[in-house]
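In what follows, residues are counted from 1 in the order of the sequence shown. Values reported hereafter were calculated over all heavy atoms of this structure, with side chains retained and with hydrogens, waters and symmetry mates removed.
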Amino acid sequence: MTITVPSTKRGDDWSLVGVYKENGVGVNITNFTIRCQLRDANLNLICELTVTKSNQTTTPGGFVLSIPAGTDTTTWPIGNLQSDIEFVPYGGRKKSTETFLVPVVEEVTK
């Protein structure tokens, strides 16, 4: 699996839309626990992301990761933040995605 993410600028909002798949098919994640964190190069926690599941009838496996409302991103470090997404089915074993990078860049218009 390859995860490509958009960069974010300091002070901006950020989100990522995804679909959890097994064997190439979206899987209903209604009973899954899903977590995702952004960490700096030293693995210091920068942000625990909010996970919103899509309607699993119309979009099986669909979810959105986003920065919690009210989070101040103006002090986030410039450079790449590290992340992965942890999926735990009800009563099941944890599955994590590959580690991916979220580039944080300085905004130009201030």
Novice: For Arg10, check salt bridge (Lys or Arg N to Asp or Glu O under 4.0 Å) against everything at least two apart and list the hits.
Specialist: Glu106
Novice: About how many Å separate OG1 of Thr97 and CG of Asp84, when rounded to the nearest 0.5 Å?
Specialist: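 Reported value, rounded in 0.5 Å steps: 5.0 Å.
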Novice: Give me the other members of the hydrophobic cluster that Val108 sits in, counting Ile, Leu, Val, Met, Phe, Trp and Tyr linked by side-chain heavy atoms under 4.5 Å, directly or via other members.
Specialist: none
Novice: Specify the closest pair of heavy atoms between Gln37 and Ser83, including all atoms of both residues, with the distance to one decimal.
Specialist: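 So the two residues come closest at O-OG, 2.8 Å.
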Novice: First locate atom CZ of Arg35, then atom NZ of Lys94, and finally report the distance between them rounded to the nearest 0.5 Å.
Specialist: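 Rounded to the nearest 0.5 Å, the CZ-NZ separation comes to 8.5 Å.
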Novice: Using 0.5 Å steps for rounding, measure from the OG atom of Ser7 to the CG atom of Leu101.
Specialist: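 It comes to 12.0 Å.
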Novice: How many angstroms lie between CD1 in Ile46 and CH2 in Trp76, if you round to the nearest 0.5 Å?
Specialist: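 Nearest 0.5 Å value for the CD1-CH2 distance: 8.0 Å.
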Novice: Between Val51 and Val88, is there a shared hydrophobic cluster once you connect ILVMFWY residues whose side-chain heavy atoms come closer than 4.5 Å?
Specialist: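 No, it is not one cluster - the side chains of Val51 and Val88 are not joined through contacts under 4.5 Å.
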Novice: Would a distance-only check, ignoring hydrogens and angles, find a side-chain to backbone donor-acceptor pair under 3.5 Å from Thr73 to Asp12?
Specialist: yes
Novice: Apply the hydrophobic cluster definition, ILVMFWY joined by side-chain contacts under 4.5 Å directly or through others, and give me every member besides Val64.
Specialist: Val17
Novice: Which atom pair, heavy atoms only, marks the closest approach of Gly61 to Ile29?
Specialist: O-CD1, 3.7 Å
Novice: Does Glu48 come within less than 4.0 Å of Arg39, counting only side-chain N to carboxylate O?
Specialist: no
Novice: Give a yes or no answer on whether the side chain of Asp72 reaches the backbone of Thr74 with a donor-acceptor pair at less than 3.5 Å.
Specialist: yes
Novice: For Lys53, give me all partners under salt bridge (Lys or Arg N to Asp or Glu O under 4.0 Å), at least two apart in sequence or on another chain.
Specialist: none
Novice: For residues 55-68, pull every pair meeting salt bridge (Lys or Arg N to Asp or Glu O under 4.0 Å), keeping only residues two or more places apart or in separate chains.
Specialist: none
Novice: Using atom types as modelled and distance alone, determine if a side-chain donor or acceptor of Ser96 lies under 3.5 Å from a backbone N or O of Glu86.
Specialist: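 Not confirmed, Ser96 side chain does not pair with Glu86 backbone.
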Novice: Does Val5 have any side chain to side chain contact (heavy atoms under 4.5 Å, CB included) partners at least two apart in sequence or in another chain, and if so, which?
Specialist: Ile3, Trp14, Leu16, Phe100, Val102, Pro103
Novice: Can you name the closest pair of heavy atoms from Cys47 and Ile67 and give their distance?
Specialist: SG-CG2, 4.4 Å
Novice: Given 3.5 Å as the limit, does a donor-acceptor pair link the side chain of Thr59 with the main chain of Gln56, or not?
Specialist: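 Side chain of Thr59 to backbone of Gln56: no pair is present.
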Novice: Would you call the rings of Phe32 and Phe87 parallel, tilted or perpendicular, where under 30° means parallel and over 60° means perpendicular?
Specialist: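 Perpendicular.
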Novice: Could you grab the distance from atom SG of Cys36 to atom CD1 of Ile85, nearest 0.5 Å is fine?
Specialist: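 If we round to the nearest 0.5 Å, Cys36:SG and Ile85:CD1 are 5.0 Å apart.
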Novice: About how many Å separate CG of Leu38 and OG1 of Thr8, when rounded to the nearest 0.5 Å?
Specialist: 9.0 Å
Novice: What pair of heavy atoms forms the shortest contact from Asp40 to Asn42, and how long is it?
Specialist: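 What the structure gives for the nearest pair is OD1-N, 2.9 Å.
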